[in-house]
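So the structure is just underneath, and the comments pick up after that.
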Amino acid sequence: MQDKDDFIARLTEETRILGEARMLRDDQPLTPEITAEILRRFQELLARIKRTQDWAGRSMAISPTTISSIINGTFEADPEKHIRAIDKWLETQYLKEHAPRPSGFVKTEVARRIYAAAKVAIESSGIVLVHGPAGIGKSITAQAIRAETPGSIFTSISTAGLSKIAVMELIAQQLRVSARSTSAQMFDALRSALRDTGRLLIVDEVHKLEGRRKDEALHCLRDLHDQTGIPMLWLGMSNIADYIQRGESAGYERLDPLFSRITLWLNLTEIANRADGGPGLYSVEDIQKILAGSKLRITPDGARYLQMLANEYGAGALRTVSKLLQLAPKFIRDDRDIDAEFLRSLQVQRLGLRAAERLETRMQARLAVA
(Lines give C-alpha, C1' and ligand atoms only; values in the text may rest on other atoms or scores of the structure.)
Protein backbone atom coordinates (compact mmCIF):
# COMPACT_ATOMS: atom_id res chain seq x y z
CA MET A 1 0.00 0.00 0.00
CA GLN A 2 2.83 2.34 0.90
CA ASP A 3 4.55 1.62 -2.43
CA LYS A 4 1.37 2.53 -4.33
CA ASP A 5 0.97 5.76 -2.33
CA ASP A 6 4.59 6.66 -3.02
CA PHE A 7 4.10 5.94 -6.72
CA ILE A 8 1.03 8.19 -6.95
CA ALA A 9 2.77 10.97 -5.01
CA ARG A 10 5.80 10.79 -7.32
CA LEU A 11 3.59 10.69 -10.39
CA THR A 12 1.59 13.68 -9.21
CA GLU A 13 4.79 15.62 -8.60
CA GLU A 14 6.02 14.80 -12.11
CA THR A 15 2.78 15.87 -13.73
CA ARG A 16 2.93 19.41 -12.38
CA ILE A 17 4.64 20.35 -15.61
CA LEU A 18 1.59 19.04 -17.49
CA GLY A 19 -1.09 20.73 -15.43
CA GLU A 20 -2.58 19.67 -12.12
CA ALA A 21 -5.25 17.49 -13.73
CA ARG A 22 -3.01 15.82 -16.32
CA MET A 23 -1.44 12.46 -15.53
CA LEU A 24 0.07 11.41 -18.85
CA ARG A 25 2.55 12.77 -21.30
CA ASP A 26 1.87 11.78 -24.90
CA ASP A 27 4.99 9.59 -24.99
CA GLN A 28 4.47 8.06 -21.54
CA PRO A 29 3.39 4.39 -21.26
CA LEU A 30 0.01 3.74 -19.69
CA THR A 31 0.19 1.50 -16.62
CA PRO A 32 -2.59 0.00 -14.47
CA GLU A 33 -1.68 2.38 -11.64
CA ILE A 34 -1.94 5.46 -13.87
CA THR A 35 -5.22 4.17 -15.32
CA ALA A 36 -6.68 3.73 -11.85
CA GLU A 37 -5.62 7.22 -10.80
CA ILE A 38 -7.06 8.84 -13.94
CA LEU A 39 -10.39 7.08 -13.42
CA ARG A 40 -10.40 8.06 -9.76
CA ARG A 41 -9.88 11.72 -10.66
CA PHE A 42 -12.53 11.44 -13.35
CA GLN A 43 -15.16 10.20 -10.90
CA GLU A 44 -14.06 12.71 -8.28
CA LEU A 45 -14.47 15.59 -10.74
CA LEU A 46 -17.94 14.46 -11.83
CA ALA A 47 -19.03 14.24 -8.20
CA ARG A 48 -17.67 17.73 -7.49
CA ILE A 49 -19.33 19.45 -10.46
CA LYS A 50 -22.46 17.26 -10.16
CA ARG A 51 -22.36 15.91 -13.70
CA THR A 52 -22.97 12.42 -15.07
CA GLN A 53 -20.71 10.01 -16.88
CA ASP A 54 -23.04 10.25 -19.89
CA TRP A 55 -22.51 14.03 -20.02
CA ALA A 56 -18.74 13.62 -19.85
CA GLY A 57 -18.79 10.92 -22.50
CA ARG A 58 -20.75 13.10 -24.90
CA SER A 59 -18.29 15.97 -24.45
CA MET A 60 -15.44 13.57 -25.34
CA ALA A 61 -17.34 11.85 -28.17
CA ILE A 62 -17.19 8.56 -26.24
CA SER A 63 -20.39 6.56 -25.93
CA PRO A 64 -21.97 6.31 -22.45
CA THR A 65 -21.79 2.51 -22.69
CA THR A 66 -18.04 2.64 -23.28
CA ILE A 67 -17.48 5.08 -20.41
CA SER A 68 -19.53 2.89 -18.06
CA SER A 69 -17.74 -0.34 -19.03
CA ILE A 70 -14.31 1.30 -18.61
CA ILE A 71 -15.25 2.54 -15.14
CA ASN A 72 -16.62 -0.88 -14.19
CA GLY A 73 -13.65 -2.76 -15.64
CA THR A 74 -15.76 -4.70 -18.13
CA PHE A 75 -14.51 -3.06 -21.34
CA GLU A 76 -13.35 -5.96 -23.52
CA ALA A 77 -11.08 -4.08 -25.93
CA ASP A 78 -7.89 -2.14 -25.17
CA PRO A 79 -9.08 1.01 -23.34
CA GLU A 80 -5.83 3.01 -23.75
CA LYS A 81 -7.18 5.38 -26.42
CA HIS A 82 -10.15 6.23 -24.21
CA ILE A 83 -8.07 6.55 -21.03
CA ARG A 84 -5.78 9.05 -22.75
CA ALA A 85 -8.84 10.96 -24.00
CA ILE A 86 -10.20 11.10 -20.44
CA ASP A 87 -6.83 12.32 -19.16
CA LYS A 88 -6.74 15.19 -21.68
CA TRP A 89 -10.38 15.99 -20.97
CA LEU A 90 -9.63 16.24 -17.26
CA GLU A 91 -6.92 18.80 -17.98
CA THR A 92 -9.34 20.87 -20.07
CA GLN A 93 -11.98 20.77 -17.34
CA TYR A 94 -9.44 21.73 -14.71
CA LEU A 95 -8.29 24.73 -16.72
CA LYS A 96 -11.88 25.85 -17.22
CA GLU A 97 -12.64 25.41 -13.54
CA HIS A 98 -9.65 27.42 -12.38
CA ALA A 99 -9.44 29.99 -15.16
CA PRO A 100 -9.49 33.52 -13.71
CA ARG A 101 -12.36 35.49 -15.17
CA PRO A 102 -11.87 39.23 -15.58
CA SER A 103 -13.02 41.22 -12.58
CA GLY A 104 -16.60 42.39 -12.85
CA PHE A 105 -17.60 40.04 -15.66
CA VAL A 106 -21.25 38.98 -15.73
CA LYS A 107 -22.73 36.73 -18.40
CA THR A 108 -25.37 39.12 -19.72
CA GLU A 109 -27.40 38.55 -22.88
CA VAL A 110 -24.68 40.34 -24.87
CA ALA A 111 -22.04 38.05 -23.36
CA ARG A 112 -24.12 34.97 -24.20
CA ARG A 113 -24.35 36.10 -27.83
CA ILE A 114 -20.57 36.58 -28.02
CA TYR A 115 -19.99 33.19 -26.36
CA ALA A 116 -22.25 31.62 -29.01
CA ALA A 117 -20.25 33.39 -31.74
CA ALA A 118 -17.01 32.02 -30.29
CA LYS A 119 -18.51 28.53 -30.35
CA VAL A 120 -19.34 28.97 -34.05
CA ALA A 121 -15.74 29.99 -34.72
CA ILE A 122 -14.36 26.96 -32.90
CA GLU A 123 -16.77 24.44 -34.43
CA SER A 124 -16.33 25.79 -37.97
CA SER A 125 -12.61 26.61 -37.68
CA GLY A 126 -13.61 29.88 -39.31
CA ILE A 127 -13.36 33.60 -38.69
CA VAL A 128 -16.21 35.21 -36.75
CA LEU A 129 -16.54 38.99 -36.56
CA VAL A 130 -18.40 40.56 -33.62
CA HIS A 131 -18.97 44.27 -34.07
CA GLY A 132 -20.88 46.94 -32.23
CA PRO A 133 -20.69 50.14 -30.18
CA ALA A 134 -17.99 50.90 -27.64
CA GLY A 135 -18.59 50.20 -23.99
CA ILE A 136 -21.10 47.36 -24.33
CA GLY A 137 -18.88 44.60 -22.92
CA LYS A 138 -17.17 43.09 -25.98
CA SER A 139 -13.65 43.21 -24.55
CA ILE A 140 -14.43 41.89 -21.07
CA THR A 141 -16.45 39.05 -22.61
CA ALA A 142 -13.57 38.20 -24.95
CA GLN A 143 -11.25 38.02 -21.94
CA ALA A 144 -13.69 35.71 -20.16
CA ILE A 145 -13.87 33.46 -23.23
CA ARG A 146 -10.08 33.34 -23.34
CA ALA A 147 -9.99 32.38 -19.65
CA GLU A 148 -12.50 29.57 -20.16
CA THR A 149 -11.08 28.23 -23.44
CA PRO A 150 -7.85 26.30 -22.81
CA GLY A 151 -5.14 27.10 -25.32
CA SER A 152 -6.82 30.21 -26.65
CA ILE A 153 -4.81 33.34 -27.43
CA PHE A 154 -6.05 36.84 -26.63
CA THR A 155 -4.60 39.89 -28.36
CA SER A 156 -5.78 43.49 -28.41
CA ILE A 157 -4.71 45.81 -31.20
CA SER A 158 -3.18 49.05 -29.99
CA THR A 159 -3.00 52.31 -31.91
CA ALA A 160 0.79 52.14 -31.69
CA GLY A 161 0.94 48.65 -33.21
CA LEU A 162 -0.96 48.65 -36.50
CA SER A 163 1.65 47.22 -38.85
CA LYS A 164 1.76 43.62 -40.01
CA ILE A 165 4.92 42.88 -38.06
CA ALA A 166 3.51 44.53 -34.91
CA VAL A 167 0.41 42.33 -35.00
CA MET A 168 2.51 39.20 -35.56
CA GLU A 169 4.79 40.18 -32.67
CA LEU A 170 1.74 40.61 -30.45
CA ILE A 171 0.57 37.08 -31.25
CA ALA A 172 4.11 35.73 -30.85
CA GLN A 173 4.34 37.23 -27.35
CA GLN A 174 1.17 35.39 -26.32
CA LEU A 175 2.53 32.15 -27.80
CA ARG A 176 5.98 32.72 -26.27
CA VAL A 177 7.46 32.37 -29.74
CA SER A 178 10.80 34.14 -30.06
CA ALA A 179 10.93 37.06 -32.48
CA ARG A 180 12.44 36.68 -35.93
CA SER A 181 14.37 39.25 -37.94
CA THR A 182 11.97 39.48 -40.90
CA SER A 183 8.20 39.43 -41.25
CA ALA A 184 8.42 36.28 -43.41
CA GLN A 185 10.40 34.48 -40.70
CA MET A 186 7.96 35.66 -38.06
CA PHE A 187 5.01 34.41 -40.09
CA ASP A 188 6.69 31.02 -40.57
CA ALA A 189 7.28 30.75 -36.81
CA LEU A 190 3.63 31.53 -36.05
CA ARG A 191 2.43 29.12 -38.71
CA SER A 192 4.55 26.33 -37.25
CA ALA A 193 3.33 27.05 -33.73
CA LEU A 194 -0.37 27.18 -34.65
CA ARG A 195 -0.87 24.80 -37.58
CA ASP A 196 -3.55 22.16 -36.88
CA THR A 197 -3.70 23.06 -33.16
CA GLY A 198 -7.30 24.28 -33.26
CA ARG A 199 -6.39 27.06 -30.81
CA LEU A 200 -8.80 29.98 -30.79
CA LEU A 201 -7.19 33.32 -31.68
CA ILE A 202 -9.11 36.27 -30.25
CA VAL A 203 -8.32 39.65 -31.78
CA ASP A 204 -9.90 42.58 -29.93
CA GLU A 205 -10.05 46.16 -31.23
CA VAL A 206 -9.66 44.82 -34.76
CA HIS A 207 -11.35 47.93 -36.21
CA LYS A 208 -8.10 49.83 -35.67
CA LEU A 209 -6.60 47.91 -38.60
CA GLU A 210 -9.01 49.40 -41.14
CA GLY A 211 -7.09 51.03 -43.99
CA ARG A 212 -3.80 50.94 -42.10
CA ARG A 213 -0.51 50.16 -43.81
CA LYS A 214 -2.25 48.99 -47.01
CA ASP A 215 -4.36 46.55 -44.95
CA GLU A 216 -1.31 44.31 -44.60
CA ALA A 217 -2.25 43.27 -41.05
CA LEU A 218 -5.76 42.21 -42.11
CA HIS A 219 -4.36 40.20 -45.02
CA CYS A 220 -1.76 38.69 -42.69
CA LEU A 221 -4.47 37.49 -40.27
CA ARG A 222 -6.36 35.99 -43.20
CA ASP A 223 -3.22 34.20 -44.42
CA LEU A 224 -2.54 32.92 -40.90
CA HIS A 225 -6.06 31.50 -40.77
CA ASP A 226 -5.71 29.89 -44.20
CA GLN A 227 -2.35 28.25 -43.45
CA THR A 228 -3.01 27.06 -39.88
CA GLY A 229 -6.72 26.20 -39.86
CA ILE A 230 -7.20 27.82 -36.45
CA PRO A 231 -10.51 29.50 -35.53
CA MET A 232 -10.51 33.26 -35.00
CA LEU A 233 -12.82 35.57 -33.08
CA TRP A 234 -12.48 39.22 -34.08
CA LEU A 235 -14.15 42.01 -32.08
CA GLY A 236 -14.38 45.70 -32.85
CA MET A 237 -16.45 48.70 -33.84
CA SER A 238 -18.88 48.34 -36.72
CA ASN A 239 -16.78 50.39 -39.13
CA ILE A 240 -14.53 47.33 -39.69
CA ALA A 241 -17.53 45.27 -40.84
CA ASP A 242 -18.62 47.99 -43.27
CA TYR A 243 -15.07 48.26 -44.58
CA ILE A 244 -14.65 44.53 -45.21
CA GLN A 245 -18.13 44.17 -46.68
CA ARG A 246 -17.41 46.90 -49.25
CA GLY A 247 -14.55 44.71 -50.42
CA GLU A 248 -12.32 47.64 -51.33
CA SER A 249 -8.91 48.13 -49.85
CA ALA A 250 -6.40 50.86 -49.17
CA GLY A 251 -3.68 48.48 -50.32
CA TYR A 252 -2.63 46.29 -53.19
CA GLU A 253 -5.18 43.53 -52.64
CA ARG A 254 -8.96 43.68 -52.39
CA LEU A 255 -10.69 42.44 -49.24
CA ASP A 256 -13.13 40.13 -51.05
CA PRO A 257 -11.11 37.01 -50.09
CA LEU A 258 -11.34 38.04 -46.43
CA PHE A 259 -15.07 38.68 -46.71
CA SER A 260 -15.64 35.17 -48.05
CA ARG A 261 -13.79 33.60 -45.12
CA ILE A 262 -15.90 35.17 -42.37
CA THR A 263 -18.32 32.51 -41.17
CA LEU A 264 -20.52 34.75 -39.02
CA TRP A 265 -21.08 38.48 -38.64
CA LEU A 266 -22.56 39.26 -35.23
CA ASN A 267 -23.94 42.80 -35.48
CA LEU A 268 -24.54 44.11 -31.97
CA THR A 269 -25.31 47.59 -33.30
CA GLU A 270 -28.58 46.38 -34.81
CA ILE A 271 -29.58 44.85 -31.50
CA ALA A 272 -28.48 47.96 -29.61
CA ASN A 273 -30.52 50.33 -31.79
CA ARG A 274 -33.78 50.90 -29.95
CA ALA A 275 -35.24 53.37 -32.43
CA ASP A 276 -37.67 50.73 -33.64
CA GLY A 277 -38.96 50.04 -30.16
CA GLY A 278 -36.79 46.97 -29.60
CA PRO A 279 -35.64 45.90 -26.13
CA GLY A 280 -32.03 47.02 -26.57
CA LEU A 281 -28.96 45.08 -25.53
CA TYR A 282 -29.63 44.79 -21.81
CA SER A 283 -32.64 43.79 -19.76
CA VAL A 284 -33.39 44.72 -16.16
CA GLU A 285 -32.45 41.12 -15.30
CA ASP A 286 -28.99 41.71 -16.79
CA ILE A 287 -28.57 44.79 -14.60
CA GLN A 288 -29.70 42.85 -11.53
CA LYS A 289 -27.03 40.23 -12.25
CA ILE A 290 -24.43 42.99 -12.36
CA LEU A 291 -25.74 44.49 -9.12
CA ALA A 292 -25.63 41.09 -7.42
CA GLY A 293 -21.86 41.33 -7.37
CA SER A 294 -21.90 44.56 -5.36
CA LYS A 295 -23.06 45.41 -1.86
CA LEU A 296 -25.18 48.32 -3.07
CA ARG A 297 -28.90 48.38 -2.40
CA ILE A 298 -30.66 49.74 -5.47
CA THR A 299 -34.38 50.38 -5.82
CA PRO A 300 -36.41 49.03 -8.77
CA ASP A 301 -36.52 52.47 -10.40
CA GLY A 302 -32.74 52.73 -9.93
CA ALA A 303 -32.24 49.39 -11.69
CA ARG A 304 -34.53 50.54 -14.49
CA TYR A 305 -32.51 53.75 -14.87
CA LEU A 306 -29.27 51.74 -15.14
CA GLN A 307 -30.88 49.53 -17.78
CA MET A 308 -31.84 52.58 -19.82
CA LEU A 309 -28.30 53.92 -19.45
CA ALA A 310 -26.73 50.60 -20.49
CA ASN A 311 -28.82 50.65 -23.67
CA GLU A 312 -27.92 54.28 -24.46
CA TYR A 313 -24.69 53.30 -26.12
CA GLY A 314 -23.92 56.68 -27.68
CA ALA A 315 -22.90 58.21 -24.36
CA GLY A 316 -23.82 55.56 -21.84
CA ALA A 317 -23.53 51.80 -22.33
CA LEU A 318 -22.44 49.21 -19.82
CA ARG A 319 -19.07 50.89 -19.23
CA THR A 320 -20.85 53.97 -17.87
CA VAL A 321 -23.03 51.81 -15.63
CA SER A 322 -19.87 50.31 -14.16
CA LYS A 323 -18.41 53.77 -13.52
CA LEU A 324 -21.57 54.90 -11.73
CA LEU A 325 -21.52 51.83 -9.50
CA GLN A 326 -17.89 52.52 -8.63
CA LEU A 327 -18.68 56.13 -7.76
CA ALA A 328 -21.91 55.54 -5.84
CA PRO A 329 -20.34 54.44 -2.50
CA LYS A 330 -18.30 57.65 -2.40
CA PHE A 331 -21.36 59.89 -2.60
CA ILE A 332 -24.11 57.91 -0.85
CA ARG A 333 -25.03 59.00 2.68
CA ASP A 334 -26.92 57.53 5.61
CA ASP A 335 -26.80 54.04 4.13
CA ARG A 336 -29.74 54.93 1.89
CA ASP A 337 -30.95 52.83 -1.02
CA ILE A 338 -29.78 54.03 -4.41
CA ASP A 339 -32.65 55.21 -6.56
CA ALA A 340 -32.98 56.82 -9.99
CA GLU A 341 -32.92 60.33 -8.55
CA PHE A 342 -29.58 59.70 -6.84
CA LEU A 343 -28.13 58.15 -10.02
CA ARG A 344 -29.20 61.18 -12.07
CA SER A 345 -27.48 63.49 -9.60
CA LEU A 346 -24.39 61.31 -9.80
CA GLN A 347 -24.42 61.70 -13.58
CA VAL A 348 -24.33 65.47 -13.11
CA GLN A 349 -21.27 65.04 -10.90
CA ARG A 350 -19.60 62.90 -13.58
CA LEU A 351 -20.53 64.73 -16.77
CA GLY A 352 -21.53 68.23 -15.80
CA LEU A 353 -25.06 69.57 -15.91
CA ARG A 354 -25.43 70.20 -19.66
CA ALA A 355 -23.99 66.85 -20.77
CA ALA A 356 -26.07 65.00 -18.18
CA GLU A 357 -29.23 66.79 -19.35
CA ARG A 358 -28.51 65.94 -23.00
CA LEU A 359 -28.04 62.29 -22.09
CA GLU A 360 -31.25 62.29 -20.07
CA THR A 361 -33.17 63.82 -22.98
CA ARG A 362 -31.94 61.09 -25.34
CA MET A 363 -32.81 58.36 -22.87
CA GLN A 364 -36.30 59.71 -22.37
CA ALA A 365 -36.83 60.07 -26.12
CA ARG A 366 -35.87 56.43 -26.69
CA LEU A 367 -38.10 55.38 -23.79
CA ALA A 368 -41.03 57.19 -25.41
CA VAL A 369 -40.45 55.29 -28.67
CA ALA A 370 -40.21 51.97 -26.86
Side-chain angles (χ1 to χ4, degrees), residues 104-114 130-141 205 207-208 210 235-242 266-370:
F105 173 73
V106 174
K107 195 175 259 191
T108 61
E109 180 60 31
V110 170
R112 283 193 290 272
R113 290 174 185 268
I114 299 175
V130 177
H131 59 99
I136 62 174
K138 298 188 300 295
S139 294
I140 194 171
T141 302
E205 301 286 318
H207 60 273
K208 293 180 180 177
E210 176 193 340
L235 306 100
M237 303 283 283
S238 288
N239 58 288
I240 187 63
D242 296 337
L266 178 57
N267 187 349
L268 295 174
T269 301
E270 288 183 354
I271 305 167
N273 188 352
R274 304 179 71 238
D276 59 356
L281 284 171
Y282 298 100
S283 65
V284 173
E285 290 73 20
D286 285 330
I287 299 302
Q288 288 170 341
K289 288 180 184 177
I290 294 167
L291 295 174
S294 71
K295 297 180 180 179
L296 301 175
R297 298 199 313 270
I298 300 187
T299 63
D301 74 314
R304 173 61 175 156
Y305 175 83
L306 290 175
Q307 187 234 353
M308 292 168 56
L309 183 61
N311 287 316
E312 187 59 46
Y313 60 86
L318 199 61
R319 187 177 296 157
T320 298
V321 170
S322 298
K323 290 179 180 178
L324 279 183
L325 294 178
Q326 291 170 4
L327 283 175
K330 300 177 182 179
F331 289 87
I332 199 73
R333 295 180 180 179
D334 302 325
D335 198 31
R336 61 172 282 190
D337 290 350
I338 296 174
D339 56 16
E341 179 183 359
F342 170 79
L343 291 169
R344 288 188 176 94
S345 68
L346 198 57
Q347 281 286 61
V348 173
Q349 296 283 343
R350 280 191 66 244
L351 304 175
L353 179 59
R354 290 186 178 181
E357 286 179 343
R358 286 196 298 269
L359 177 58
E360 184 70 20
T361 298
R362 283 201 300 273
M363 290 168 61
Q364 293 300 327
R366 290 183 182 274
L367 181 61
V369 172

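All heavy atoms count here, side chains included; hydrogens, waters and symmetry mates do not. Because the structure is predicted, anything quoted here is derived from the model rather than measured.
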(request) Mark yes or no for whether H207, through its side chain, and M237, through its backbone, hold a donor-acceptor pair below 3.5 Å. (result) yes
(request) Applying side-chain contact (heavy atoms from CB on, under 4.5 Å) between L306 and each of L318, L343, D301, report the one that passes. (result) L343
(request) To the nearest 0.5 Å, tell me how far R113 CZ sits from L266 CG. (result) 7.5 Å
(message) For a side chain to side chain contact (heavy atoms under 4.5 Å, CB included) check, start with the C-alpha distance between L235 and S139, then their side-chain angles and the critical distance, and finish with the verdict.
(response) CA-CA 8 Å; L235 306 100; S139 294; over 6 Å; no
(request) Output the distance between atom CG (L327) and atom CG (L346), rounded to the nearest 0.5 Å. (result) 5.5 Å
(message) Treating K107 as the side-chain partner and T141 as the backbone partner, does any N or O pair qualify as donor plus acceptor under 3.5 Å?
(response) no
(request) Please report the shortest heavy-atom distance between T269 and P133, naming the atom on each side. (result) OG1-CD, 3.5 Å
(request) Would you mind listing every salt bridge (Lys or Arg N to Asp or Glu O under 4.0 Å) that reaches into residues 337-347, with sequence neighbours excluded? (result) R297-D337, R336-D339, R344-E360
(request) To the nearest 0.5 angstrom, please state how far the CG atom of N311 sits from the CD1 atom of I136. (result) 10.0 Å
(request) First locate atom CG of L324, then atom CD of Q347, and finally report the distance between them rounded to the nearest 0.5 Å. (result) 4.5 Å
(message) Can a donor-acceptor pair be found, under 3.5 Å and without considering hydrogens, that links the side chain of K289 to the backbone of T108?
(response) no
(message) Please find the pair of heavy atoms, one from A303 and one from I287, that lie closest to each other, and give the distance.
(response) O-CG2, 3.9 Å
(request) Taking all non-hydrogen atoms of both residues into account, name the closest pair between S238 and H131 and its distance. (result) OG-ND1, 2.9 Å
(request) List the atom of A134, the atom of A317, and the distance in Å for their closest heavy-atom pair. (result) O-CB, 3.8 Å
(message) Could you measure the distance from the CD atom of Q326 to the CG atom of L296? Nearest 0.5 Å is fine.
(response) 10.5 Å
(request) I would like to know whether L325 and L291 meet side chain to side chain contact (heavy atoms under 4.5 Å, CB included); could you show each step before the answer? (result) CA-CA 8 Å; L325 294 178; L291 295 174; 3.7 Å; yes
(message) Can you confirm whether D286 sits close enough to R112 that some side-chain heavy atom of one is under 4.5 Å from a side-chain heavy atom of the other?
(response) yes
(request) With sequence neighbours left out, write down each residue that passes side-chain contact (heavy atoms from CB on, under 4.5 Å) with E357, or none if nothing qualifies. (result) L353
(request) Mind listing the closest non-hydrogen atom pair of T299 and A340 along with its distance? (result) OG1-N, 4.3 Å
(request) Working to the nearest 0.5 Å, report the span between OG1 of T320 and CG of L359. (result) 7.5 Å
(request) Considering non-hydrogen atoms only, spot the tightest contact between Y282 and Q307 and give its length. (result) O-NE2, 2.9 Å
